[in-house]
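Side chains included, hydrogens not; waters and symmetry mates left out as well; all remaining heavy atoms used.
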Amino acid sequence: MATTTDTVPVGDFEQQTQKFLEWFTSQPGATFHKDIKLVDLRDKSAGRGIIATAPIPADTTLFTIPRASILCATTSPLAKKLPHLFKGPAEPTVAEESPSHTADADDEPLSQNDDEEDDSQSQDSWTLLILILMHEYLQGSSNWSPYLSVLPTQFDTPMFWTEVELAELQASALVAKVGKEEADKMIRTKIVKVVQDNEDVFYPADTPKTQRLGEEELLKLGHRMGSAIMAYAFDLAKEEDDEDDEEDGWVEDKIAGMNDSMGMVPMADMLNADAVFNAHINHGEACLTATSLREIKGGEEILNYYGPLSSAELLRRYGYVTPNHARYDVVEVGWGLVEGGLKKMVEEGIKGRKKEVDWTKVEELVEELKEEEGEEWEDSFVLERQSEDPDSEGQVHGEAEFVGLPEELEEQVKTYLKAVKKVVGTGDRAVAEALGNKTVRKEILLGGVRKALEEREGQYATSLEEDEKVLAGIEGGRPTTRKEMALWVRAGEKRIIREAVAWVKEQQEELSKEKGQEKDEPSAKRRKA
């Protein structure tokens, strides 16, 4: 469900849909249930979608996709034309739309020295699929033309937003994850160069030089194909691999970045998706099948599952947001804010005993402790709610709740306060004993985090109340424009902050009660004696 800004006339849109359906059903081994239909859902900002035209029982095969019809490295003619690009281990690259996309741990670079080999020759499954799509597009006519014609040409993912539109995200961490410059560099070095060096492969032999795309045009086309992959490609894992993963919960059908095997899967990618869903794609040796998870009513849309993605991540990858995914919203809080809050708590606690704290010395000790204990120091922490996984029918139950701070944050604060104790407690036994007290350390942790959260919320230009007032006026309750989606994302992050602050306050109140009971305990014992 990639939200797009396509403006294809209704007649042409339906004609493209019909040609695609005819092409799909003509593929050997393909099936398409008689009670489902491909429809135009652009009025809901959902592109194409599939609905049930009559009640469909649970565990019904909705459609079958033969692996031979999937566009990937094993089916593309490009692999035979440029075989050297498709061999050997893949070097991780910056995936489309994000500087944070990395390959799996097993995908080690062939060489760490960029000068030792031509970067365009070191491809991975992500860049190879971009090249495959560009090859099909530039050829003008191919086996997959009816399928490629229904893929969007424009996207609402933040990669394509203007600076003014991105500014609506305000202090959201999503802004830093768009990665336009990194994506540009990747496409120029790994995509554009390959096409320009192999024009006789990518263009039909009779294509005049004047009709071949220039560097900037190829860059734009590379972004378009990369975005199509981000929104529509699947991980072509085998069914047995999925079964192993399903022991711990649902296996998401969509891919998020690097995978050993990626492909464009006709019809499967026509399914829109939500956090509450009613269908699942099963991976088999010879084909992929879409199966209903529960009874689907006539007129009901058939929905897939992309995983427990936050609104920000859903927008970054696919260009849309939905109310059902709000339960998975997160907010990132930088260590700098937490550290600042801890410093204030320590300084307030020792006020009158020492003139100032040598924070430079604290930082030096922190570095020593990190080396001694082998700790990885986090630059930021993700705060999220606790939520149940979807059940076997694609339904979610219960409320998502914020129930605590990340364990990594607490461990990092613990290490930091060890360094503080050594510096501040030197020569002051009372301060040293206080900082060694578990209750005092918890007070500092909670107080520091609370200050950090309050400062984090202050980084947004508008308040949560102002955002919610605007959201309340959105027709249908679901944001569809870029401005509305940006507002939805930032409001979701502010709600997490508010919930986290409320949780911290509760912890502080409980701690205060415990301290009060500890103070009363000696006198109570004396009265009893």
With a sphere of 6.0 Å drawn around [atom1] of [X], does it hold more than 12 non-hydrogen atoms of other residues, nucleotides or ligands?
{"X": "K483", "atom1": "NZ", "result": "no"}
{"X": "E466", "atom1": "CD", "result": "yes"}
{"X": "Y137", "atom1": "OH", "result": "no"}
{"X": "E181", "atom1": "CD", "result": "no"}

Among all residues two or more places apart in sequence or in another chain, which pass the side chain to side chain donor-acceptor pair (under 3.5 Å) test with [X]?
{"X": "E216", "answer": "R188"}
{"X": "E163", "answer": "none"}
{"X": "W161", "answer": "none"}
{"X": "Q412", "answer": "none"}

Under 3.5 Å: donor-acceptor pair, side chain of [X], backbone of [Y]:
{"X": "S76", "Y": "A73", "answer": "no"}
{"X": "D329", "Y": "S311", "answer": "yes"}
{"X": "D124", "Y": "T127", "answer": "yes"}
{"X": "R327", "Y": "E388", "answer": "no"}

Compare every heavy atom of [Y] with every heavy atom of [X], then report the nearest pair and how far apart it is.
{"X": "W488", "Y": "P323", "value": "CZ2-CA, 3.6 Å"}
{"X": "K177", "Y": "E332", "value": "NZ-OE2, 2.6 Å"}
{"X": "L383", "Y": "F402", "value": "CB-CE1, 4.0 Å"}
{"X": "H280", "Y": "N282", "value": "CD2-OD1, 3.2 Å"}
{"X": "Y306", "Y": "A273", "value": "CE2-CB, 3.1 Å"}
{"X": "W144", "Y": "I70", "value": "CZ2-O, 3.9 Å"}

**Prompt:** Only one of V192, V195, L218 clears side chain to side chain contact (heavy atoms under 4.5 Å, CB included) with L213; which?
**Reply:**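 Only match with L213 under side chain to side chain contact (heavy atoms under 4.5 Å, CB included): L218.
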
Using the test side chain to side chain contact (heavy atoms under 4.5 Å, CB included), find all partners of [X] that sit at least two apart in sequence or belong to another chain.
{"X": "E506", "value": "none"}
{"X": "D379", "value": "none"}
{"X": "E14", "value": "V10"}
{"X": "D40", "value": "F13, R42"}

**Request:** Using salt bridge (charged side-chain N to carboxylate O under 4.0 Å, His left out) as the criterion, list what pairs up with E384, not counting sequence neighbours.
**Result:**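 E384: no salt bridge (charged side-chain N to carboxylate O under 4.0 Å, His left out) contacts found.
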
**Request:** Verify whether one side chain among Y318 and N272 offers a donor that lies under 3.5 Å from an acceptor in the other.
**Result:**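 On atom types as modelled, these side chains do not qualify, holding no pair under 3.5 Å.
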
Are [X] and [Y] packed together at the side-chain level, in the sense that at least one heavy-atom pair is separated by less than 4.5 angstrom?
{"X": "I474", "Y": "L487", "answer": "no"}
{"X": "L315", "Y": "P158", "answer": "yes"}
{"X": "E136", "Y": "P77", "answer": "yes"}
{"X": "L288", "Y": "H283", "answer": "yes"}
{"X": "I302", "Y": "L271", "answer": "yes"}

**Asked** Hey, what's the ring geometry for F160 with H223, parallel, tilted or perpendicular (30° and 60° as the breaks)?
**Response**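 If you compare the ring of F160 with that of H223, the planes turn out perpendicular.
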
**Message:** Please evaluate residues S149 and Q16 with respect to the criterion side chain to side chain donor-acceptor pair (under 3.5 Å), reporting the C-alpha separation (whole Å), side-chain torsions for both, the decisive distance (0.1 Å), and the verdict.
**Reply:** CA-CA 7 Å; S149 70; Q16 288 177 346; 5.2 Å; no

**Message:** Let me confirm one number: the CG-CG distance from L133 to L128, rounded to the nearest 0.5 Å.
**Reply:**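 L133 atom CG to L128 atom CG measures 11.0 Å (nearest 0.5 Å).
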
**Prompt:** Does a side-chain N-to-carboxylate-O contact under 4.0 Å join E182 and K185?
**Reply:**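 A salt bridge is absent here (no side-chain N lies under 4.0 Å from a carboxylate O).
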
**Item:** Listed once per pair and sorted, the side-chain hydrogen bond (donor to acceptor under 3.5 Å, both in side chains) pairs that draw on residues 398-407, sequence neighbours left out
**Value:**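 Every pair satisfying side-chain hydrogen bond (donor to acceptor under 3.5 Å, both in side chains) with a residue in residues 398-407: there are none.
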
**Request:** Just grab all the salt bridge (Lys or Arg N to Asp or Glu O under 4.0 Å) pairs involving residues 488-502, residues at least two apart or on different chains.
**Result:**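 Sorted result for residues 488-502: E168-R490, R385-E499, E457-R498, E465-R498, D467-R490, D467-K494, E468-R495.
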
Can you list, pair by pair, the side-chain donor-acceptor contacts under 3.5 Å of residues 59-66, counting residues two or more places apart and other chains?
residue: T60; atom: OG1; partner: P57; partner atom: O; Å: 2.8
residue: T64; atom: OG1; partner: T31; partner atom: OG1; Å: 2.7

